[in-house]
**Q** 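Pasting in a structure now, in structure tokens, and then I'll have a few things to ask.
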Amino acid sequence: MAWESQHKERESLYERDYHLWILDTVQKLKDGNFQAVDWDHLIEEIADLSRREKRKLESLLTRLFEHLLKFRFWQDRLGENRGHWEAEILSFRKQIKRELKASPSLKNHLLAVWEECYQDGREIAAKRSQLPLETFPENPLGSVEQVLDENWLPRCN
């Protein structure tokens, strides 16, 4: 028990209660109590915010590609649900545009991961549709402008 007690004392608030650490850090910053701020963890968390935003954008773009591909190539499943699929595509586009509006510098990241997200979306579309991967083109269905355009949908055969 003594070891456990000593270990708890050495554990930082960050490790024991993340939410409380955030509230405590905010209060210290508001109070100007900069010496008491856990700078190492604060810097780590701020850097992680950028990574989270990038991952979120990548996820949205991958999902958009997945849905565009299923919309274009999985016609037998669309049927009466065509409006649902179009709404899903629109939703991903709007979320991506919101992210880019809030952080315009993420456009460079979007361009950098464009091909990788397309390939991920292609693999997911193949798996979910149970269609061969070769069913889906190796290159994206359209340009950045087209894929993000709320009025554009890939042509169906």
Side-chain angles (χ1 to χ4, degrees), residues 12-30 37-157:
S12 70
L13 180 58
Y14 179 86
E15 294 162 328
R16 286 191 319 268
D17 188 332
Y18 178 76
H19 180 72
L20 185 58
W21 173 82
I22 290 173
L23 297 175
D24 183 63
T25 300
V26 168
Q27 191 59 54
K28 287 174 182 171
L29 291 170
K30 283 181 179 179
V37 171
D38 177 357
W39 288 105
D40 290 337
H41 285 121
L42 181 59
I43 290 167
E44 181 181 314
E45 288 300 317
I46 291 172
D48 192 48
L49 290 173
S50 173
R51 290 188 292 273
R52 287 182 211 165
E53 292 302 306
K54 287 177 178 179
R55 284 191 305 266
K56 181 177 182 180
L57 184 63
E58 292 168 16
S59 176
L60 291 169
L61 184 58
T62 299
R63 297 291 314 275
L64 175 58
F65 279 132
E66 172 198 349
H67 281 72
L68 285 169
L69 287 165
K70 289 191 301 189
F71 180 87
R72 166 71 175 80
F73 292 97
W74 201 20
Q75 287 300 307
D76 61 323
R77 291 294 301 256
L78 288 180
E80 295 175 11
N81 292 326
R82 185 177 178 93
H84 167 78
W85 287 70
E86 289 180 13
E88 288 291 304
I89 290 168
L90 180 62
S91 175
F92 289 120
R93 286 175 168 156
K94 288 190 175 292
Q95 290 176 68
I96 290 169
K97 287 181 179 178
R98 245 183 253 114
E99 294 298 317
L100 294 176
K101 183 178 179 184
S103 299
S105 63
L106 282 175
K107 176 96 184 243
N108 293 330
H109 183 68
L110 179 133
L111 296 173
V113 298
W114 182 259
E115 183 66 33
E116 180 181 353
C117 289
Y118 176 75
Q119 294 305 325
D120 290 347
R122 183 174 174 248
E123 289 176 26
I124 294 167
K127 184 63 82 177
R128 294 207 183 186
S129 67
Q130 298 295 299
L131 294 170
L133 183 62
E134 300 74 37
T135 303
F136 306 102
E138 287 188 31
N139 296 314
L141 297 172
S143 67
V144 173
E145 292 76 20
Q146 286 175 310
V147 169
L148 297 180
D149 181 347
E150 294 179 8
N151 297 308
W152 180 84
L153 288 170
R155 287 187 333 231
C156 299
N157 292 340

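Here the structure is a predicted model, which means the values were calculated and not measured.
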**Q** Ser91 and side chain to side chain donor-acceptor pair (under 3.5 Å): which single residue from Gln95, Lys94, Glu88 fits?
**A**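 That would be Gln95.
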**Q** Out of curiosity, Leu153 CG to Arg72 CZ, how far, rounded to the nearest 0.5 Å?
**A**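 Separation between the atoms: 11.5 Å.
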**Q** Would you give the length of the straight line joining atom OG of Ser143 to atom CG of Asp149, rounded to the nearest 0.5 angstrom?
**A**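 One gets 8.5 Å once the value is rounded to the nearest 0.5 Å.
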**Q** Between Glu53 and Lys56, does any NZ, NE, NH1 or NH2 come within less than 4.0 Å of an OD or OE carboxylate oxygen?
**A**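 No salt bridge links Lys56 with Glu53.
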**Q** Less than 4.5 Å apart, any side-chain heavy atom of Leu57 and any of Val113?
**A**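 No - every pair of side-chain heavy atoms lies 4.5 Å or more apart.
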**Q** Does Leu61 reach the side chain of Asp120, with side-chain heavy atoms less than 4.5 Å apart?
**A**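 When only atoms from C-beta onward are counted, Asp120 and Leu61 do not touch, as no gap falls below 4.5 Å.
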**Q** Lys70 side chain to Ser129 main-chain N or O, any donor-acceptor pair under 3.5 Å?
**A**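 No.
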**Q** In Å and rounded to the nearest 0.5 Å, what is the CD to OG1 distance from Glu116 to Thr62?
**A**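 Separation between the atoms: 7.5 Å.
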**Q** Are Glu58 and Lys54 ion-paired here, with the side-chain N under 4.0 Å from a carboxylate O?
**A**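 Salt bridge flag = no for Lys54 with Glu58.
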**Q** Side-chain contact, heavy-atom cut-off 4.5 Å: Ser12 with Glu15?
**A**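 SC-SC contact between Ser12 and Glu15 confirmed.
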**Q** Rounded at 0.5 Å granularity, tell me how far CD in Gln27 sits from CG in Leu20.
**A**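 CG of Leu20 is found 11.5 Å from CD of Gln27.
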**Q** Apply side-chain hydrogen bond (donor to acceptor under 3.5 Å, both in side chains) to Glu123 and list each qualifying residue two or more places apart in sequence or on a separate chain.
**A**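 Testing Glu123 for side-chain hydrogen bond (donor to acceptor under 3.5 Å, both in side chains), a comparison that skips the adjacent residues, returns none.
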**Q** A side-chain contact here means heavy atoms from C-beta on lying under 4.5 Å apart; do Tyr18 and His41 qualify?
**A**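 Tyr18 does not reach His41 side chain to side chain.
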**Q** Quick one: ring-ring contact (aromatic ring centres under 6.0 Å, His included) pairs with a partner in residues 117-139, sequence neighbours left out?
**A**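 The answer is Phe65-Tyr118, Phe73-Phe136.
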**Q** Just by distance, no angles: are the side chains of Gln119 and Arg122 close enough, under 3.5 Å, to form a donor-acceptor pair?
**A**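 Present: a donor and an acceptor within the cut-off.
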**Q** For the pair Leu69 and Leu141, evaluate side chain to side chain contact (heavy atoms under 4.5 Å, CB included) and give the outcome as yes or no after the intermediate values.
**A** CA-CA 8 Å; Leu69 287 165; Leu141 297 172; 3.7 Å; yes
**Q** Could you measure the distance from the CH2 atom of Trp21 to the CD atom of Glu45? Nearest 0.5 Å is fine.
**A**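 Between atom CH2 of Trp21 and atom CD of Glu45 there are 5.0 Å.
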**Q** Rounded to the nearest 0.5 Å, what separates atom NE2 in His67 from atom CD1 in Ile124?
**A**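 Reported value, rounded in 0.5 Å steps: 10.0 Å.
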**Q** Can you name the nearest heavy-atom pair linking Ile96 to Leu110, along with the distance?
**A**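 The answer is CG2-CD1, 4.0 Å.
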**Q** So do Leu13 and Arg16 actually touch side chain to side chain, heavy atoms under 4.5 Å?
**A**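 SC-SC contact between Arg16 and Leu13 confirmed.
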**Q** For a quick test of reading the model, state the closest non-hydrogen atom pair linking Leu106 to Glu99 and the distance between them.
**A**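 That closest heavy-atom pairing would be CD1-O, 4.2 Å.
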**Q** Within the 4.5 Å heavy-atom criterion, are Leu49 and Arg52 side-chain neighbours or not?
**A**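 Yes - at least one pair of side-chain heavy atoms lies under 4.5 Å apart.
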**Q** Less than 4.5 Å apart, side chain to side chain, heavy atoms only: is that true for Asp38 and Asp24?
**A**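 Heavy-atom side-chain distance check fails, nothing below 4.5 Å.
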**Q** Does a side-chain heavy-atom distance below 4.5 Å link Phe92 with Glu66?
**A**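 They are not in side-chain contact.
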**Q** Look only at the side chain of Ser50 and the backbone of Ala47, and say whether a donor-acceptor pair between them is shorter than 3.5 Å.
**A**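 Here the side-chain-to-backbone pair does not exist.
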